[in-house]
Undergrad: 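Encoded as structure tokens, here's the structure I'll be asking about.
Nothing fancy with the numbering, it's 1 onward along the sequence. Basis for what follows: all heavy atoms, side chains included, without hydrogens, waters or symmetry-related copies. Since the model is a prediction, treat every value here as computed from it, not as a measurement.
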Amino acid sequence: MAERPTDLHADAVVVGAGHNGLIAAAYLARAGLRVIVCERRDIVGGAAVTEEIVPGFRASTASYALSLLRPDVFADLELERHGVIVVPKDPQMFVPHEDGHFSVWRDSARTIQELARFGDDEGYARWSAFWDDAVAKLRPLVDAADPPPLAEVERAVGPDIWRWAVAGSAAEAVERFFEHPAVQGAFASQGVIGTWASVRDPGTAWVLAYHALGGELYGSSGTWGYVRGGMGALTGALRAAAEDAGAEILVGAPVEEILADGGLRLEGGRVVRAEVVVSGADPKTTFLRLAPSGALDASFVEHVESWRAPGCVLKVNMALSEAPQFAELRGTIEISPSIDYLHAAYEEAKSEGYSRRPFIECFVQSAVDPGLVDGDGHVVSAFTQYTTDLADLSAATEAVLDTLSSYAPNLRDAIVACEALGPRELEQRFGLSGGNIFHGELLPDQSFGERFDYRTPLRGLYLCGSGARPGGCVMGAAGRNAAKVVLQDLGRA
């Protein structure tokens, strides 16, 4: 294709300014490459953004909490200097249930004292010891650019961790340690986050483990926190880090296709010429929509088509005139009264399309970050499951509000505005195929070495999004590792 005067030139062009795309761009630019990032929306951040629900009320629209961000990324890109402030959640969980409520604190002794009321104090001590061991063995596999295939993971971590933190179900793992249904429900819920599976299904123990692998930024494994200013403050800092290193960020620049002879074409016809294309889009978008037609062999296309990426999340963001009447507002308000409750929510969604009594993680982020609201009021973010690809979210949203109102009776009267994002809306707004928040299920058969490699079958095309190893959440390992692989291949390591 002949060049035109309007063509742009770079050493590397990045598709998408989500957190991984920005991290990849920053590392590549720091190594001296000319980097251009093309983002289809008018703001950067992908699904990690802060947006107004209504004027004066700002919330983390999709991604809502931080734990897994790699500490070397935080340090290398000087995110603290760029203004990132993270407040550890304490308590980590506040769990209302029919017998009252309890909290899970950062202070283990305090948590043990609370759970003693339910006879689960010794169980919590054993639970904590098990996860200290499991995290120490699993975390290196998640950080690695070349993790072992699933068949070798058991040998790498040992039979106990394999069974209770990878291959088994979250329900079995939790029932091994805890007796009280509400305690079991609260801890087992982490095994179904973003996952179209029952808490009783094999492999959900790995989803539980995956969410326990962070916390280094706070000095304790599994600890989650709020980014002051919402998740958009983090991705805004990543943009600043990339631009400081020399990367150019183009917003309102959707990619139409990746070019076989190097670079990509934007919608409207503008071309960015580059030896390297690094895609932060999910695998289905990258390989089935953007890649040059006919460039991939049939077996690889079949693999991408069979990649499971169902959406199951309904995110409900609310602007409230007053705080909801929960006894504790600073941590995750966990609505997951038992393992049976979680399983029933999944089974109901399979037949009805949504859960009438959904699993809910509710965050009153303005309780620890008042600056999200101008004047009085609060913002509440409810991450809920299960909801399928519904054209009409009204019944599913009402089910969320009904469930929350059964614990906080003033909620409905306090609502100023409410925004609901199901799988369809998550796909349309953030470009997530199927509305899957992880670019593909995080069950074991799509994790470790089974997840997409950074190098793709097309020369010069690399994958840096959550569909690549190790997987989803705001972690940054995929962006960092992809950049390092690119630099190796260019002889710039």
Undergrad: Determine whether a donor-acceptor pair (N or O, by modelled atom type, separation under 3.5 Å) exists between the side chain of Thr332 and the backbone of Glu334.
TA: no
Undergrad: Any side-chain to backbone donor/acceptor pair from Thr195 onto Ile193? Under 3.5 Å, distance only.
TA: yes
Undergrad: Please list all pairs meeting ring-ring contact (aromatic ring centres under 6.0 Å, His included) that have one or both residues in residues 384-409, counting only residues at least two apart or in different chains.
TA: Trp196-Tyr386, Tyr346-Tyr386
Undergrad: Would you indicate whether the side-chain heavy atoms of Trp307 and Asp282 approach each other to under 4.5 Å?
TA: no
Undergrad: State whether the side chain of Ser63 and the backbone N or O of Ala48 hold a donor-acceptor pair below 3.5 Å, judged by distance alone.
TA: no
Undergrad: Donor-acceptor pair, Glu114 side chain versus Ser103 backbone, under 3.5 Å?
TA: yes
Undergrad: Mind checking whether Val15 and Thr286 have side chains closer than 4.5 Å, heavy atoms only?
TA: no
Undergrad: Taking Trp162 for its side chain and Val157 for its backbone only, find out whether a donor-acceptor pair lies under 3.5 Å.
TA: no
Undergrad: State whether the number of non-hydrogen atoms from other residues, nucleotides or ligands found under 6.0 Å of Arg163 atom CZ is greater than 12.
TA: no
Undergrad: Please walk me through it: do Asp402 and Arg412 pass salt bridge (charged side-chain N to carboxylate O under 4.0 Å, His left out)?
TA: CA-CA 9 Å; Asp402 284 344; Arg412 279 190 176 275; 2.8 Å; yes
Undergrad: For Asp90, what residues pass the side-chain hydrogen bond (donor to acceptor under 3.5 Å, both in side chains) criterion, not counting sequence neighbours?
TA: none
Undergrad: For a ring-ring contact (aromatic ring centres under 6.0 Å, His included) check, start with the C-alpha distance between His303 and Phe287, then their side-chain angles and the critical distance, and finish with the verdict.
TA: CA-CA 10 Å; His303 171 56; Phe287 298 121; 9.0 Å; no
Undergrad: Between Asp340 and Ser338, do the side chains contain an N or O donor and an N or O acceptor separated by less than 3.5 Å?
TA: no
Undergrad: Classify the ring geometry of Phe177 against Trp127: parallel below 30°, tilted from 30° to 60°, perpendicular beyond 60°.
TA: perpendicular
Undergrad: Can you check whether Ile339 reaches Phe178 side chain to side chain, under 4.5 Å on heavy atoms?
TA: no
Undergrad: Would you mind reporting whether Asn317 and Ser381 have side-chain heavy atoms less than 4.5 Å apart?
TA: yes
Undergrad: Should Lys315 and Thr61 count as side-chain neighbours, where that means a heavy-atom distance under 4.5 Å?
TA: no
Undergrad: Would you please test Phe118 and His97 for ring-ring contact (aromatic ring centres under 6.0 Å, His included) and show each step?
TA: CA-CA 12 Å; Phe118 308 100; His97 58 93; 5.4 Å; yes
Undergrad: Donor-acceptor pair, distance only, cut-off 3.5 Å: does the side chain of Asn410 make one with the backbone of Ala323?
TA: yes
Undergrad: Angle between ring planes, Tyr64 versus Phe363, binned at 30° and 60°: parallel, tilted or perpendicular?
TA: tilted
Undergrad: When you measure from the side chain of Gln92 to the backbone of Trp224, do you find a donor-acceptor pair of N or O atoms at a distance under 3.5 Å?
TA: yes
Undergrad: Does atom CG of Asp297 have more than 12 heavy-atom neighbours, drawn from other residues, nucleotides or ligands, at distances under 6.0 Å?
TA: yes
Undergrad: Going through the distances and angles, do Glu427 and Arg424 end up as a salt bridge (charged side-chain N to carboxylate O under 4.0 Å, His left out)?
TA: CA-CA 5 Å; Glu427 179 169 21; Arg424 185 168 301 193; over 6 Å; no
